Amino acid sequence: MVELYCVRAEFGTYTEQFISGGYVSIGWLPNNNLSGIKKKEDLYPLYKQEYPKDKSNVVIGQQVGQIARFLMDIQPGDYVITPAKDTEYICYGVVEQNPYYFADMMVDACPYKHRKKVKWTKEPIQRSQFSVPFQNTIRSSLTVFSISHKKNFFSTIGHSELLSKSEQKAEYDYYTTVLNRILELDATEFEILITHLLTALGFEGSEHKGKVGDGGVDAIGELNISGLAKMKIFVQAKRYKLGAKIKANTVKELRQNIPSNGQGAFITTADYQDAAKKIANEQGFPRIGLINGTQLVDILVEHWDDIPEEFQKKLNLKIGLVIA
């Protein structure tokens with residue numbers, strides 16, 4: 001079975017070296033070639049010798065666990081991801097045969113000596129294309145970790161064949177069922193639902209603004225992050241039939257209605273053309289977050305209990321039983 005792992009590059013500092021050099025790497029135990037290590041237990045004495053100030057068994061166990069995961073769990077044929085320096089993107093590739101080597105001679109700017117060979121894809125993929133649970137998973141503070149939401153990853157990159165038939169069918173049926181129920185709402189009901197979701201996500205003063213067919217802003221809200229920062233968001237919420245892909249011009253139309261100090265979000269039941277995804281993050285313009293149908297379902301399920309009771313009751317006949 002193909003597994004999926006994340007190996008961070010120091011907040012993207014060494015992502016360029018990872019990609020150009022065809023590897024992922026870690027920096028613990030820099031004075032030890034670990035090619036002879038066969039089991040996790042052999043790492044403990046090496047770690048304690050290298051880092052004598054680490055006395056906590058919890059800390060030691062976590063760090064040794066990550067080293068062991070890198071050495072022994074990540075196998076040829078597995079997929080690895082690493083966030084790019086521009087955190088909007090994720091780089092991914094496949095672990096090659098005989099992957100581990102000890103880079104005792106500095107050949108690039110990356111100081112990490114324990115490396116595994118990876119064949120990277122040519123183009124990174126936008127983080128926003130993945131499901132909400134997947135995006136939450138990769139926010140882990142660990143350097144090396146396994147990713148549980150691999151079904152969404154393989155579906156998104158176009159390699160669903162790496163999933164079992166039962167996994168493919170279960171994921172498809174779940175999202176399709178909920179989205180078809182959402183499509184039973186009329187345009188105004190859908191926009192109001194999105195407004196309530198903004199409130200559930202922490203946006204203050206969320207307000208329904210849209211008029212059917214206006215092509216502009218349907219909802220607005222302001223996120224106050226503990227007084228540290230404020231962000232005003234301008235949202236367009238549109239129902240499209242399943243399988244449809246929104247064009248770049250449609251996203252650009254929203255951008256024309258966003259003030260320079262604001263950000264945008266386009267929320268739909270469908271998906272986006274590649275050109276639309278590029279427009280959403282075009283330099284020199286307000287950023288537009290793109291939420292597709294599967295991501296909308298993820299958010300709705302996660303925040304279903306936060307929707308106001310009176311509106312929840314109205315929706316309950318259509319989607320409540322599916323989500324419960």
Side-chain angles (χ1 to χ4, degrees), residues 1-12 14-15 18-19 22-29 34-35 37-44 46-47 57-84 87 89-101 110 112 114-121 124-168 170-171 174 294-295 298 302:
M1 182 180 295
V2 176
E3 300 295 343
L4 176 63
Y5 296 90
C6 180
V7 181
R8 297 192 185 280
E10 192 66 45
F11 300 102
Y14 302 113
T15 300
F18 279 18
I19 305 304
Y23 64 83
V24 287
S25 62
I26 57 173
W28 291 290
L29 305 175
L34 302 178
S35 58
I37 297 294
K38 301 300 180 186
K39 56 184 185 294
K40 182 179 178 179
E41 288 69 27
D42 294 339
L43 292 168
Y44 282 98
L46 294 176
Y47 187 90
N57 288 332
V58 173
V59 172
I60 294 172
Q62 176 177 283
Q63 307 300 60
V64 168
Q66 292 186 85
I67 300 169
R69 194 171 299 122
F70 182 85
L71 287 176
M72 289 166 268
D73 292 356
I74 300 178
Q75 295 292 315
D78 286 340
Y79 276 67
V80 292
I81 68 169
T82 193
T87 55
Y89 291 88
I90 293 171
C91 304
Y92 66 95
V94 182
V95 180
E96 300 195 275
Q97 294 296 319
N98 303 313
Y100 176 81
Y101 65 99
C110 179
Y112 303 154
H114 306 295
R115 302 183 175 186
K116 282 199 166 182
K117 301 173 186 175
V118 173
K119 184 177 182 181
W120 296 99
T121 55
I125 190 167
Q126 287 180 319
R127 185 188 294 245
S128 61
Q129 293 188 45
F130 296 104
S131 71
V132 173
F134 180 90
Q135 293 184 54
N136 290 340
T137 296
I138 62 175
R139 292 191 180 102
S140 170
S141 60
L142 298 175
T143 299
V144 183
F145 57 94
S146 174
I147 297 176
S148 57
H149 296 281
K150 63 179 185 179
K151 289 190 293 184
N152 175 253
F153 172 81
F154 290 125
S155 298
T156 302
I157 67 170
H159 284 293
S160 294
E161 74 278 1
L162 297 175
L163 302 170
S164 68
K165 296 295 184 183
S166 59
E167 285 177 324
Q168 294 178 40
E171 185 173 62
Y174 169 72
T294 43
Q295 293 166 330
D298 291 332
E302 185 176 353

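Heavy atoms only: backbone and side chains are in, while hydrogens, waters and symmetry mates are out. Along the sequence shown, residues are numbered consecutively beginning with 1. The model shown is predicted, which means the values in this text are computed figures rather than measured ones.
Below 30°, between 30° and 60°, or above 60°: for Phe154 and Tyr79 the angle between ring planes is above 60°, a perpendicular geometry.
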Practice prompt. Give the intermediate values and the outcome of side-chain contact (heavy atoms from CB on, under 4.5 Å) for residues Gln129 and Ile90.
Written response: CA-CA 10 Å; Gln129 293 188 45; Ile90 293 171; over 6 Å; no
Item to complete: Under the side-chain contact (heavy atoms from CB on, under 4.5 Å) rule, what do Tyr101 and Tyr23 come out as? Steps first, then yes or no, please.
Response: CA-CA 10 Å; Tyr101 65 99; Tyr23 64 83; 3.6 Å; yes
Practice prompt. Might you work through the side-chain contact (heavy atoms from CB on, under 4.5 Å) test for Thr294 and Thr156, ending with a clear yes or no?
Written response: CA-CA 11 Å; Thr294 43; Thr156 302; over 6 Å; no
Worksheet item: Given the rule in the side-chain contact (heavy atoms from CB on, under 4.5 Å) test, do Gln62 and Val59 qualify, once you have shown the distances and angles that lead to the verdict?
Response: CA-CA 5 Å; Gln62 176 177 283; Val59 172; 5.9 Å; no
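Residues meeting the side chain to side chain donor-acceptor pair (under 3.5 Å) test with Gln63, sequence neighbours left out: Gln66. Listed by chain and residue number, nothing satisfies the ring-ring contact (aromatic ring centres under 6.0 Å, His included) test with Phe145 (two or more places apart in sequence, or in another chain). For the side chain to side chain donor-acceptor pair (under 3.5 Å) test, no residue two or more places apart in sequence or in another chain qualifies with Tyr5. Take Glu302 and apply the side chain to side chain donor-acceptor pair (under 3.5 Å) test, not counting sequence neighbours, and it matches no residue. With sequence neighbours left out, Tyr112 forms a ring-ring contact (aromatic ring centres under 6.0 Å, His included) with Tyr14. Among residues two or more places apart in sequence or in another chain, the side-chain contact (heavy atoms from CB on, under 4.5 Å) test is passed with Leu46 by Leu29, Asn32, Leu34, Ile37. Scanning for salt bridge (Lys or Arg N to Asp or Glu O under 4.0 Å) contacts around Arg127 gives an empty result, with sequence neighbours left out. Applying the side-chain contact (heavy atoms from CB on, under 4.5 Å) rule to Ala68 yields the partners Lys40, Leu43, Met72; only residues at least two apart in sequence or on another chain are considered. Scored by the salt bridge (Lys or Arg N to Asp or Glu O under 4.0 Å) test, Asp73 finds no partners at all (sequence neighbours excluded). Tyr89 meets the ring-ring contact (aromatic ring centres under 6.0 Å, His included) test with no other residue; sequence neighbours excluded. Among residues two or more places apart in sequence or in another chain, the side-chain contact (heavy atoms from CB on, under 4.5 Å) test is passed with Thr82 by Ala9, Thr15, Phe18, Cys91, Trp120. Glu96 meets the salt bridge (Lys or Arg N to Asp or Glu O under 4.0 Å) test with no other residue; sequence neighbours excluded.
Annotation: the span from Asp42 atom CG to Ile67 atom CD1 amounts to 12.5 Å, rounded to 0.5 Å. From Ser155, atom OG reaches atom CD of Glu161 across 10.0 Å, with rounding to the nearest 0.5 Å. Put simply, OH on Tyr92 and CD1 on Ile157 are 5.0 Å apart, with the number rounded to the nearest 0.5 Å. Note: Asp298 CG to Gln295 CD = 7.5 Å, rounded to the nearest 0.5 Å.
Arg69 contributes a side-chain N or O that, together with a main-chain N or O of Val144, makes up a donor-acceptor pair within less than 3.5 Å.
Across every non-hydrogen atom of Gln135 and Phe130, the tightest pair is NE2-O, 2.9 Å. Scanning both residues, Leu71 and Lys116, for their nearest heavy atoms gives O-NZ, 2.9 Å. Listed here is the closest heavy atom pair of Glu3 and Asp78: N-OD1, 3.0 Å.
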